[in-house]
Amino acid sequence: MQLAAIRQALRALGAKPAHEERMLRAWLQAKPLDSGTRRQAAENFLPLAIREALPELNRQLAGLARVVSEHPGDDGTRLLVELADGQTVESVLLPRDGVCISTQIGCAVGCTFCMTGRDGLLRQVSSAEMVAQVVLARARRPLRRVVFMGMGEPSHNLDNVLEAIDLLGTAGGFGHKNLVFSTVGDPRVFERLPQQRVVPALALSLHTTDAGLRARLLPRAPRMSPQELVEQAEIYARRSSYPIQYQWTLLEGINDSFEEMDGIVDLLAGKYAIMNLIPYNTTAALDFRRPSQARVSELAHYLHARGIRTTVRQSAGQDVDGGCGQLRARSRDGSPVEIRRRRPASGGNQLPLGE
């Protein structure tokens, strides 16, 4: 179901724009569709046809997505979410009132260090299914930030993602800078996002400053060099007035050298940007390792000392073996979804620098 189909169904029942927006706001707040003040209770506000259809409307919206299992961790609670056709995606309740949602089932980019893309792209997540993930999260806690950084590449499902962002940034009440569009980099992103009514913040997965290495790590990402990506991202940052959040998954022996850090300095010096270093979420299924905590801290301080605003951000779910794609993989191959927590790494999970 698309958000446009929900609007069309309401209009077919006689909803005027005021009815439509009020009911969508109620849904986005994880409340019944007939929620309202006593002065404008449903029987005084909504047309009779809508009042009679409320049970079925509520059932259809609730059927878009449901939580199969919850996995609390030190860095957030990961949710395994089942959609109406039985496919599953992952969402994460993040620290500081955020939620990370999925935009695809699987992924076509094929990042070699990511579990999500092992089976390729299975199908797109609809705009209504994306919003339903936010609703599930909002039913569990207050939210002020939505990050489109879960399973999938948002630029490969651009129309649906933009439709969801538009609703969240209007009826949903989210600040535009608190809606974060994550991408490996795609020319369509830089063209279309600035034209939207709701212009989100941008997170760009960089991972290396070496174009050849990036092509090997992200084999089916658009062939834009790191320099081209940063140039386009800087234009977007200045137009939107939001700094670009560069994502750099730290892979031991691959992109954790000081040569790479010097490449970051060369690319981002003077740019409106934040570099997020993300230690790799180790899994037995893939042959990559995360650097030691001491090495991660050393690299972060190296960048910060050279004027690059840097944070170290753990990928949510690391302490429960539940990084993006791992819960879905376990649920599909018959492994137990209830998983044991790892001992936290010494030195803590978060090292904010330059804030």
Short side-chain to backbone donor-acceptor contact, N157 and V125, under 3.5 Å: yes
Any salt bridge linking E82 with R66? Criterion: basic side-chain nitrogen under 4.0 Å from a carboxylate oxygen. yes
To check you understand the geometry: which heavy-atom pair defines the closest contact between T282 and F288, and what is its length? CG2-O, 4.0 Å
Any side-chain heavy atom of L303 sitting closer than 4.5 Å to one from L277? yes
Run the salt-bridge test on D85 and R123 with the 4.0 Å N-O cut-off and return the result as yes or no. yes
I'd like to know if the side chain of H19 reaches the main chain of K16, judged simply by a donor and an acceptor atom lying under 3.5 Å from each other, with no hydrogens or angles considered. yes
Could you walk me through whether S182 and Q247 pass the side-chain hydrogen bond (donor to acceptor under 3.5 Å, both in side chains) check? CA-CA 9 Å; S182 175; Q247 312 297 315; over 6 Å; no
Determine, step by step, whether F113 and H207 satisfy the ring-ring contact (aromatic ring centres under 6.0 Å, His included) criterion, reporting the C-alpha distance in whole Å, the side-chain angles of both residues, the deciding distance to 0.1 Å, and the verdict. CA-CA 11 Å; F113 50 85; H207 304 310; 5.0 Å; yes
Between R140 and V67, is the side-chain contact (heavy atoms from CB on, under 4.5 Å) condition met? List the steps. CA-CA 11 Å; R140 286 160 172 77; V67 174; 3.4 Å; yes
Would you give the length of the straight line joining atom CE of M151 to atom OG1 of T103, rounded to the nearest 0.5 angstrom? 9.0 Å
So Y302 and F258, would you call those rings parallel, tilted or perpendicular, with 30° and 60° as cut-offs? tilted
Exactly one candidate in L136, I101, T88 meets side chain to side chain contact (heavy atoms under 4.5 Å, CB included) with V81; the answer is L136
Point-to-point distance, once rounded to the nearest 0.5 Å, from NE2 of H176 to OG of S241: 13.0 Å
Distance in Å, E260 CD paired with L267 CG, rounded so as to fall on 0.5 Å steps: 9.5 Å
Atom pair CD1 (I165) and CG (L193), whose distance is rounded to the nearest 0.5 Å: 6.0 Å
Going by an N to O cut-off under 4.0 Å, is there a salt bridge joining R59 and E56? yes
salt_bridge(R51, D34) N-O dist < 4.0 Å: no
Would you say Q104's side chain and E153's backbone share a donor-acceptor pair under 3.5 angstrom? yes
Between S127 (side chain only) and L3 (backbone N and O only), is there a donor and an acceptor less than 3.5 Å apart? yes
Take atom CD of Q8 as the centre, draw a 6.0 Å sphere, and report whether it contains more than 12 heavy atoms from other residues, nucleotides or ligands. no
What's the shortest heavy-atom distance between P200 and F181, and which atoms? CG-CB, 4.1 Å
Side-chain heavy atoms of R22 within contact of L33, under 4.5 Å: no
Answer yes when D159 and R192 have at least one side-chain N-carboxylate O distance shorter than 4.0 Å, and no when they do not. yes
Option among L54, L61, I6 that satisfies the side chain to side chain contact (heavy atoms under 4.5 Å, CB included) test with M23: L54
Go through L13 and L57 one step at a time and tell me if the side-chain contact (heavy atoms from CB on, under 4.5 Å) criterion holds. CA-CA 11 Å; L13 291 168; L57 290 170; 4.0 Å; yes
Student check: side-chain heavy atoms of Q293 and S297 closer than 4.5 Å: yes
Mind checking whether L250 and I278 have side chains closer than 4.5 Å, heavy atoms only? no
Is it true that a side-chain atom of Q245 and a backbone atom of M275 form a donor plus acceptor pair closer than 3.5 Å? no
Contact check, side chains of Y236 and V199, non-hydrogen atoms, under 4.5 Å: yes
Considering all heavy atoms of both residues, which atom of V131 and which atom of A164 are nearest to each other, and what is their separation? CG2-CB, 4.0 Å
With hydrophobic residues grouped by side-chain heavy-atom distances under 4.5 Å, do I235 and L206 end up in a single group? no
Euclidean distance, S155 OG relative to L162 CG, rounded to 0.5 Å: 10.5 Å
With a 4.5 Å limit on heavy-atom distance, are the side chains of R141 and L93 in contact? yes
Closest heavy-atom pair, E21 versus A171, reported as atoms and distance to 0.1 Å, is OE1-CB, 3.9 Å
Treating Q133 as the side-chain partner and S102 as the backbone partner, does any N or O pair qualify as donor plus acceptor under 3.5 Å? yes
Counting only N and O atoms by type, is there a donor-acceptor contact under 3.5 Å from the side chain of Q2 to the main-chain atoms of A4? no
The test is side-chain contact (heavy atoms from CB on, under 4.5 Å); show your working for L83 and V89 and say whether it passes. CA-CA 8 Å; L83 305 179; V89 295; 4.2 Å; yes
Report whether W248 and Y272 are members of the same hydrophobic cluster (ILVMFWY, side-chain heavy atoms less than 4.5 Å apart, transitive linking). no
Do I105 and L121 have side-chain heavy atoms sitting under 4.5 Å apart? no
Find out if a path of hydrophobic residues (ILVMFWY) with successive side-chain heavy-atom gaps under 4.5 Å connects Y242 to V146. no
Q60 and M1: which non-hydrogen atoms are nearest, and at how many Å? OE1-CE, 3.8 Å
Using side-chain contact (heavy atoms from CB on, under 4.5 Å), reason through L28 and L167 one step at a time and then give a plain yes or no. CA-CA 9 Å; L28 288 164; L167 184 64; 3.8 Å; yes
Using 4.0 Å as the upper bound for N to carboxylate O, is an ion pair formed by R295 and E252? no
Closest approach of D256 to P291 (non-hydrogen atoms, all atoms of both residues): OD2-CG, 3.7 Å
Are W27 and R138 side-chain neighbours, meaning at least one heavy-atom pair lies under 4.5 Å? no
Heavy-atom donor-acceptor pair, N255 side chain to T249 backbone, under 3.5 Å: yes
Hey, is the main chain of P279 close enough, under 3.5 Å, to the side chain of R290 for a donor-acceptor pair? no
Out of curiosity, C111 SG to R214 CZ, how far, rounded to the nearest 0.5 Å? 8.5 Å
